[in-house]
Amino acid sequence: MTSVLLTRPLTQVAALKALVTNSGHQPLLFPTLEIQALKAKVKCKHYDAVIFISANAVEFGLEILKKITYSAIFTVGVATAKKLNDYHIEVDDFPKKNPSSEALLALDSVSCLRDKKILIFRGRGGRETLRIGFEKNDNTVEYAQVYDRVICSLSEQHQKSLDVFLSGSKGFVSVTSNENLDGLIVLAKQTGQLDSIKNYPLIVLSARTKSYAQTCGFQQIIVTPDISDQAIASVLE
């Protein structure tokens, strides 16, 4: 049985854990991030477009969304669109393949936005790709930073999962973002076992994270065909 080190926050790992188990592998929980809500305020009551960059942005931004009006709503990918659909909110458009800020900006429905007021729901910090892209078309961009990603404190569970994982010669490490990988590196350094972890294949969701992982010293990196949990499980198969 191959072990899979799962680094997602505990509140978001259940579905992936079940898929790994059903595929005949052993999931080991090693959460590197905690998601914490932030109190955010917005300046306007109406926006021409609102954009959600993640499922977390949906989860923590709904209360603000209910208090404003908007002409169109977009997401960076299908998973975030599905999260809105779960709350019976219809999404106007999103990239069907290769979800990213760049893919969103390239959509005809988005690239045509000019001189508009745009609200972006996201976590604290992050890339400025969307803001730069929209401002090139004279749009006014505002952020609603509704959550923060905080690196977990090293716990007994972390050490136990890592001991089991490193006791086997075969295994995979799954990370879902650059921030997720940063957390893994910080916690692994605290245990003194980062170099050992780098001997195992790393499963990532994008070419961007692959490039970042390479700069961090990881050599065996597998990019999933898309960002779904099923895509991660398919790599194991």
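Only a predicted model underlies this, so the values are computations on that prediction, with no experimental measurement involved.
Put simply, the side chain of S54 does not reach to within 4.5 Å of the side chain of R122, judged on heavy atoms. Counting heavy atoms from C-beta outward, L162 and L5 have side chains that approach closer than 4.5 Å. Looking at L113 and N137, their side chains never come closer than 4.5 Å, going by heavy atoms from C-beta outward. You'll find the side chain of T32 stays beyond 4.5 Å of the side chain of L181, heavy atoms only. Counting heavy atoms from C-beta on, the side chains of V173 and I197 come closer than 4.5 Å. Considering only heavy atoms from C-beta on, F74 stays 4.5 Å or farther from V50 through its side chain. The side-chain heavy atoms of S206 and S100, taken from C-beta on, include no pair separated by under 4.5 Å. Looking at heavy atoms from C-beta onward, I151 lies out of side-chain contact with E34 at the 4.5 angstrom threshold.
Taking OG1 from T191 and CG from L194, the interatomic distance works out to 8.0 Å, rounded to the nearest 0.5 Å. Of the inter-residue distances, the one linking T140 atom OG1 with K43 atom NZ reads 9.5 Å to the nearest 0.5 angstrom. Here the straight-line distance linking atom CG of N180 with atom CZ of R149 works out to 10.5 Å at 0.5 Å rounding. Here the CG atom belonging to L184 is positioned 11.5 Å from the SG atom belonging to C152, to the nearest 0.5 angstrom. A distance of 9.5 Å separates CD1 in I73 from CD1 in I51, rounded to the nearest 0.5 Å. Distance check, rounded to the nearest 0.5 Å: CG of D48 to CZ of R114 gives 14.0 Å.
Using a distance-only test at 3.5 Å, with no hydrogens or angles considered, a donor-acceptor pair links the side chain of D226 to the main chain of S228. No side-chain donor-acceptor contact under 3.5 Å links T7 to the backbone of P31. The backbone N or O of V76 sits nowhere less than 3.5 Å from a side-chain atom of T80 that would complete a donor-acceptor pair.
Under the rule for a ring pair (Phe, Tyr, Trp, His ring centres under 6.0 Å), the partners of F30 that lie at least two apart in sequence or sit in another chain are H158. Every residue meeting the salt bridge (Lys or Arg N to Asp or Glu O under 4.0 Å) condition with D229, not counting sequence neighbours, appears here in chain and number order: R8. Residues passing the ring pair (Phe, Tyr, Trp, His ring centres under 6.0 Å) test with F134: none are found, sequence neighbours excluded. Taking Y200 as the reference, F165 meet the ring pair (Phe, Tyr, Trp, His ring centres under 6.0 Å) condition, with sequence neighbours excluded. Residues passing the salt bridge (Lys or Arg N to Asp or Glu O under 4.0 Å) test with E142, sequence neighbours excluded: none.
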Could you pull out every donor-acceptor pair under 3.5 Å between side chains of residues 213-220 and any protein atom, sequence neighbours left out?
unit_1: T215; atom_1: OG1; unit_2: Y212; atom_2: O; d: 2.5
unit_1: Q220; atom_1: NE2; unit_2: N199; atom_2: O; d: 2.9

Open item on the list: Between I118 and R131, is the side-chain contact (heavy atoms from CB on, under 4.5 Å) condition met? List the steps.
Closed with: CA-CA 9 Å; I118 298 174; R131 176 190 285 276; over 6 Å; no

Task: side-chain contact (heavy atoms from CB on, under 4.5 Å) assessment of H46 paired with C44 - done: CA-CA 6 Å; H46 176 82; C44 305; 5.9 Å; no

TODO: Give the C-alpha distance, both sets of side-chain angles, the deciding distance and a yes or no for side chain to side chain donor-acceptor pair (under 3.5 Å) between N139 and E135.
DONE: CA-CA 5 Å; N139 295 295; E135 289 183 344; over 6 Å; no

Open item on the list: Applying side-chain contact (heavy atoms from CB on, under 4.5 Å) to L84 and T75, what does each step give before you reach the verdict?
Closed with: CA-CA 9 Å; L84 282 164; T75 70; 3.6 Å; yes

Open item on the list: Please determine whether side-chain contact (heavy atoms from CB on, under 4.5 Å) holds for the pair L33 and V150, giving the CA-CA distance in whole Å, both sets of side-chain angles, and the decisive distance to 0.1 Å.
Closed with: CA-CA 5 Å; L33 298 176; V150 180; over 6 Å; no

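Applying the side-chain hydrogen bond (donor to acceptor under 3.5 Å, both in side chains) rule to pairs touching residues 19-31 yields S3-Q26, sequence neighbours excluded. Applying the salt bridge (charged side-chain N to carboxylate O under 4.0 Å, His left out) definition to pairs two or more places apart or across chains, none involves residues 202-214. The salt bridge (charged side-chain N to carboxylate O under 4.0 Å, His left out) contacts involving residues 190-207 comprise nothing, where partners must be two or more places apart or lie in separate chains. The stretch residues 13-22 participates, sequence neighbours left out, in no salt bridge (charged side-chain N to carboxylate O under 4.0 Å, His left out) pair at all. Among pairs with a residue in residues 72-93, those fulfilling salt bridge (charged side-chain N to carboxylate O under 4.0 Å, His left out) read E59-K83, K82-D86, D93-K96, at least two apart in sequence or across chains.
Nearest heavy atom pair, residue S153 against residue L187, reads C-CD2, 4.3 Å. Contact record, I35 with P9: CG1-CG, 4.0 Å, taken as the closest heavy-atom pair. When all heavy atoms of F60 and V146 are compared, the pair lying nearest together is CB-O, 3.5 Å. Scanning both residues, P99 and G77, for their nearest heavy atoms gives CB-CA, 3.6 Å.
In terms of hydrophobic clustering, with Ile, Leu, Val, Met, Phe, Trp and Tyr side chains grouped at heavy-atom distances under 4.5 Å, L19 and V78 are assigned to different clusters. Hydrophobic clustering places Y70 together with Y87 (ILVMFWY residues linked when any side-chain heavy atoms are closer than 4.5 Å, directly or through intermediates). When hydrophobic clusters are built by joining Ile, Leu, Val, Met, Phe, Trp and Tyr residues whose side-chain heavy atoms come closer than 4.5 Å, directly or via intermediates, V175 is not grouped with I53. Linking ILVMFWY residues whenever their side-chain heavy atoms come closer than 4.5 Å, directly or via other members, leaves Y143 and I132 in distinct clusters.
A salt bridge between E63 and K41 is absent, with no side-chain N of the basic residue lying under 4.0 Å from a carboxylate O of the acidic one. Between E102 and R127 there is a salt bridge, since a side-chain N of the basic residue sits under 4.0 Å from a carboxylate O of the acidic one.
A ring-centre distance under 6.0 Å is found for F52 and F121.
Applying the 4.5 Å side-chain rule to ILVMFWY residues, one finds V4, L10, V13, L16, V20, L29, F172, I203, L205, I222, I227, I232, V235, L236 in the same cluster as L6.
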